[in-house]
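The figures here come from the full heavy-atom set of this structure, side chains too, leaving out hydrogens, waters and symmetry mates.
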Amino acid sequence: QVQLVESGGGLVQPGGSLRLSCAASGSIFFISTMGWYRQAPGKERELVATITFSSSTNYADSVKGRFTISRDNAKNTAYLQMNSLKPEDTAVYYCNADLRTRFSERLSSYWGQGTQVTVSS
């Protein structure tokens, strides 16, 4: 019923930039918070950034000042602009959305399939 599809990952050199996109589609009535999480090999999934419907944002300390989350509510899409990338940013990045479908009055959490970001020279 609902799909979240990430794109924009890849290989980049340290100091470089990437922009991730997350497009939500399906029987969506309303999207509350959207967020980006990441999971490096051997580590737990961690929060990167979140953004509410009204565009209030929250960032992990490790990415503050380097990453910017944004969203386009008309397109049900969230973005993550990543600048000054470091090798420690290497991970699979997952999109998350808390949303209501047309068939439920409750918010449910949905995840994308993930996109690999590798920062290496």
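Between the CD1 atom in I31 and the OG1 atom in T101 there is a gap of 11.5 Å [rounded to 0.5 Å]. For the atom pair L99 CG and S108 OG, the distance stands at 7.0 Å (nearest 0.5 Å). To the nearest 0.5 Å, atoms CG (L4) and CG (N96) are separated by 7.5 Å.
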Show me the donor-acceptor pairs, under 3.5 Å and distance only, between side chains in residues 44-55 and residues at least two apart or in other chains.
residue	atom	partner	partner atom	Å
E46	OE2	R38	NE	2.7
E46	OE2	R38	NH2	3.3
T52	OG1	S54	N	3.4
T52	OG1	S54	OG	3.2
T52	OG1	S55	N	3.4
T52	OG1	S56	N	3.0

Using a 3.5 Å cut-off and no angle test, enumerate the donor-acceptor pairs between side-chain atoms of residues 75-82 and protein atoms at least two apart in sequence or in another chain.
residue	atom	partner	partner atom	Å
T77	OG1	K75	O	2.9
Q81	NE2	N83	OD1	2.9

Compile the donor-acceptor pairs under 3.5 Å between side chains in residues 114-121 and protein atoms, sequence neighbours left out, one pair per line.
residue	atom	partner	partner atom	Å
T115	OG1	G9	N	3.4
Q116	NE2	A91	O	3.4
Q116	NE2	T118	OG1	3.3

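Nearest heavy atom pair, residue E6 against residue Q113, reads OE1-OE1, 2.8 Å. Closest approach of S84 and S17 over heavy atoms only: N-OG, 4.4 Å. When all heavy atoms of G112 and Y94 are compared, the pair lying nearest together is O-CD2, 3.7 Å.
In the hydrophobic clustering of this structure, M34 groups with V63; members are Ile, Leu, Val, Met, Phe, Trp, Tyr whose side-chain heavy atoms approach within less than 4.5 Å, directly or through other members. Under the 4.5 Å side-chain heavy-atom criterion for grouping Ile, Leu, Val, Met, Phe, Trp and Tyr, L20 is connected to L85 within one hydrophobic cluster. At a threshold of 4.5 Å between side-chain heavy atoms, the hydrophobic network of Ile, Leu, Val, Met, Phe, Trp and Tyr places Y59 and Y93 in one connected group.
With sequence neighbours excluded, no residue forms a ring pair (Phe, Tyr, Trp, His ring centres under 6.0 Å) with F67.
Ion pair K86/D89 not flagged as a salt bridge, since none of the NZ, NE, NH1 or NH2 atoms sits closer than 4.0 Å to an Asp/Glu carboxylate oxygen.
With a 4.5 Å cut-off between side-chain heavy atoms of Ile, Leu, Val, Met, Phe, Trp and Tyr, the cluster of L11 takes in none.
Summarising the local packing, CD of Q39 is surrounded by more than 12 heavy atoms from other residues, nucleotides or ligands at distances under 6.0 Å. E105 CD: 12 or fewer foreign heavy atoms inside a 6.0 Å radius.
Sorted by first and then second residue, the disulfide (SG to SG under 2.5 Å) pairs involving residues 51-121 (not counting sequence neighbours) are C22-C95.
Under the 3.5 Å distance criterion, the side-chain polar atoms of R100 are left unmatched by any main-chain donor or acceptor of F29.
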